[in-house]
Colleague: 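Below you will find the structure I want to go over with you.
Start at 1 with the first residue, then count along the sequence. Just so you know, these numbers use all the heavy atoms, side chains as well, and skip hydrogens, waters and symmetry mates.
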Amino acid sequence: MADPKGFMNTPREEWPRRPVRERVGDWDEVYVPGALLPIISRQADRCMDCGVPFCHDACPLGNLIPEWNDLVAREDWRAASDRLHATNNFPEFTGRLCPAPCEAGCVLAINQPAVTIKNVECAIADRAWEEGFTPPRPPDRLSGRTVAVIGSGPAGLAAAQQLTRAGHTVAVYEKDDRLGGLMRYGIPEFKMEKRHLERRLEQMRTEGTRFRTSTAVGRDVEAAELRARYDAVVIATGATAWRELDVPGRELSGVRQAMEYLPLANRVCEGDLRVSPLSAAGRHVVIVGGGDTGADCLGTAVREGAASVTQLDIYAQPGTERDEESEPWPTYPKLYRLSAAHEEAGALRTAPAADADARLFAASTLRFTGDGQGHVRELHLTEVDARRRPLPGTERTLPADLVLLALGFSGPDREDGLVDQLGIELAPRGTVVRGPDFATAVPGVFAAGDAARGQSLIVWAIAEGRAVAAAVDRYLTGSSHLPAPIGPYDRPMAV
């Protein structure tokens, strides 16, 4: 370590966010531009270079965190970029979007604030692009083998880049008109500006990866035809089958899925639309679901000028400190966290019904009622106990002109016909069944990411993409030097 006493002498300091009033007036990223680099070397110096760095195990990519922390502390940015990119294809994505399970596993976090690993990662990635440390890496020679990757989210892109660099000819099929999957149309611009995505896609094109947009495999291209055309196929479509809320009034106009709402707001930012058809402007919005997707809806609705926004979380409000009995270090604890969107909602008082930020905890939706013309006007809810049972006498109503369901996803959407045309087996929970080598029962067809794992984090998706690439490379050539950071049955650390 550069400074053996860094963790004692330097307090944790995170990348500062722009003032709330300023940032809700635009769609730019929430952080103060240029404010990270002046503080990040000293923050990296807080790393203790542990003999057993649990941050490695907490991160499915196996990121070499103490190594690049030390290099950043010494301001050796090129070497830090090399060590970071050795395990992660897209650190500028994870540095902005990952909830940082590595920080929960930081040894310093046992009794002090963890190292700001996520900020260090983002600083390295951004500096690497600025300094030209991430040039395209086309293969020295081609293998003559071809691979189709279905889906251009983080798992599909990671698999495609790894296989392209190994010398295979790779084509990525994306059903949307632009590449990136949920990173494009699910993640709001204020969390990650799409210029970061475009820059990486251009690198992949230069390396030789081919992209086919507006092409839904199973509908625009027969799945069997695609399988016959390529030596291997990777299904990386993500888990896009959203979960429903079966309560009275669900059929009312104005009750929509989060992933119907968020893509339209992103299309406004892309310049496709002047105003979203589902804009929250002037409307009373209620978001059902307490996860990250719900927070994305919250931040979007605030920027669109909603009259009020409230987010319902069926779980009780967690504490601010780790429960060592139920969630001991180094597992990722469920804590009360204040995202940028919740900070904004709290400062602007967007939810009069909530105490501090826009969330109502331990709240369950009972039904929706309308205005007699088929449009939702109220949401009826009740408080629940730890077993999600309604508490008598706690029913209340919220005004609701727009209700957004952010209840998660169960597996790949079967509407396009891909799963049925290939004869892919699905598990009871809706995910693609695969073996220990990431292969499905259909010869030459592999599955990676949320489509097979189920809804998960971006860092797990990239790890899946890298691991399935090694499996495909081995299938095509008999062996592989590509890294495989995880197996298909690996899961996050838990009690």
Side-chain angles (χ1 to χ4, degrees), residues 56-63 85-91 93-94 97-102 147-166 168 170 172-174 179-183 186-187 200 204 209 232-241 332 408-413 418-419 424 426-427 429-440 442 444-476 480 482-494:
H56 282 202
D57 288 330
C59 174
L61 285 167
N63 279 335
H85 283 91
T87 57
N88 188 351
N89 295 70
F90 313 124
F93 302 165
T94 52
L97 303 178
C98 182
C102 53
V147 182
V149 176
I150 306 172
S152 67
L157 292 180
Q161 185 167 63
Q162 292 293 95
L163 288 165
T164 296
R165 290 175 172 179
H168 306 303
V170 181
V172 177
Y173 287 79
E174 170 55 55
L179 299 163
L182 289 183
M183 291 189 297
I187 299 297
R200 190 63 78 170
M204 294 180 65
T209 303
V233 173
V234 176
I235 298 173
T237 55
T240 55
Y332 188 75
F409 307 89
S410 59
D413 191 345
L418 167 65
V419 169
I424 298 294
L426 296 182
R429 63 192 186 113
T431 54
V432 175
V433 174
R434 58 185 179 177
D437 56 356
F438 291 87
T440 69
V442 181
V445 178
F446 298 77
D450 290 2
R453 173 171 292 274
Q455 182 180 344
S456 189
L457 306 178
I458 184 173
V459 70
W460 280 91
I462 296 172
E464 286 252 341
R466 289 172 67 86
V468 78
V472 172
D473 188 37
R474 191 162 47 248
Y475 168 78
L476 294 175
S480 180
L482 294 177
I486 60 171
Y489 310 133
D490 289 341
R491 292 294 182 269
M493 287 188 292

Colleague: Passes side-chain contact (heavy atoms from CB on, under 4.5 Å), Q161 versus R466? Steps please.
Modeller: CA-CA 9 Å; Q161 185 167 63; R466 289 172 67 86; over 6 Å; no
Colleague: Kindly list each side-chain donor-acceptor pair under 3.5 angstrom involving residues 483-490, sequence neighbours excluded, with atom names and distances?
Modeller:
unit_1: Y489; atom_1: OH; unit_2: R434; atom_2: O; d: 3.2
unit_1: D490; atom_1: OD2; unit_2: G487; atom_2: N; d: 2.7

Colleague: For A159 and A469, which heavy atoms make the closest approach, and how far apart are they?
Modeller: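 Minimum heavy-atom separation between A159 and A469: O-CB, 3.9 Å.
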Colleague: Compare all side-chain heavy atoms of I458 with those of F93 and state whether any distance is below 4.5 angstrom.
Modeller: yes
Colleague: If you measure from CG on L182 to CD1 on I187, what distance do you get to the nearest 0.5 Å?
Modeller: 7.0 Å
Colleague: Walk me through whether V233 and V147 qualify under side-chain contact (heavy atoms from CB on, under 4.5 Å).
Modeller: CA-CA 6 Å; V233 173; V147 182; over 6 Å; no
Colleague: Please report the shortest heavy-atom distance between F438 and A471, naming the atom on each side.
Modeller: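 That closest heavy-atom pairing would be CD1-CB, 4.2 Å.
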Colleague: If I compare all heavy atoms of V472 with all of A232, which pair ends up nearest, and what's the gap?
Modeller: CG1-CB, 3.9 Å
Colleague: So do L426 and V419 actually touch side chain to side chain, heavy atoms under 4.5 Å?
Modeller: yes
Colleague: Check V172 against G151 and note the closest heavy-atom contact, atom names and distance.
Modeller: CG1-O, 3.7 Å
Colleague: Could you tell me the separation between the CG atom of L61 and the OG1 atom of T94, rounded to the nearest 0.5 Å?
Modeller: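 One finds 7.0 Å between CG of L61 and OG1 of T94.
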Colleague: Under a 4.5 Å cut-off applied to non-hydrogen side-chain atoms, are I462 and F90 in contact?
Modeller: yes
Colleague: So how far is it from L418 CG to I150 CD1, rounded to the nearest 0.5 Å?
Modeller: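 Here the rounded value is 4.5 Å.
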Colleague: Taking ring pair (Phe, Tyr, Trp, His ring centres under 6.0 Å) as the test, write out the residues that go with Y173, two or more places apart.
Modeller: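 Once residues adjacent in sequence are excluded, Y173 has no partner under the ring pair (Phe, Tyr, Trp, His ring centres under 6.0 Å) criterion.
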Colleague: Return the minimal non-hydrogen interatomic distance between P91 and H85, and the atom names on each side.
Modeller: CG-NE2, 3.6 Å
Colleague: Please confirm whether the backbone N or O of S152 pairs with a side-chain atom of E174, one donor and one acceptor, at under 3.5 Å?
Modeller: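 Pair found, side chain donor or acceptor close to backbone of S152.
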Colleague: Which atom names give the shortest non-hydrogen contact between L482 and A166, and what distance separates them?
Modeller: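 Taking every non-hydrogen atom into account, CD1-CB, 4.1 Å.
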Colleague: Please report the interatomic distance SG(C59) to CE(M493), rounded to the nearest 0.5 Å.
Modeller: 10.0 Å
Colleague: Nearest 0.5 Å please: distance from the OG1 atom of T240 over to the CG atom of D450.
Modeller: 9.5 Å
Colleague: Can N63 and T87 be counted as having a side-chain donor-acceptor contact under 3.5 angstrom?
Modeller: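 Side chains of N63 and T87: pair found under 3.5 Å.
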Colleague: Are side-chain heavy atoms of S480 and Y475 found at a separation under 4.5 Å?
Modeller: no
Colleague: Less than 4.5 Å apart, any side-chain heavy atom of P412 and any of V432?
Modeller: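 The answer is yes; the side chains approach within 4.5 Å.
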Colleague: Does a side chain donor of either D473 or H168 reach within less than 3.5 Å of an acceptor in the other side chain?
Modeller: yes
Colleague: Could you grab the distance from atom CD of Q455 to atom OG1 of T431, nearest 0.5 Å is fine?
Modeller: 12.5 Å
Colleague: Are N89 and L157 close enough that some pair of their side-chain heavy atoms sits under 4.5 Å apart?
Modeller: no
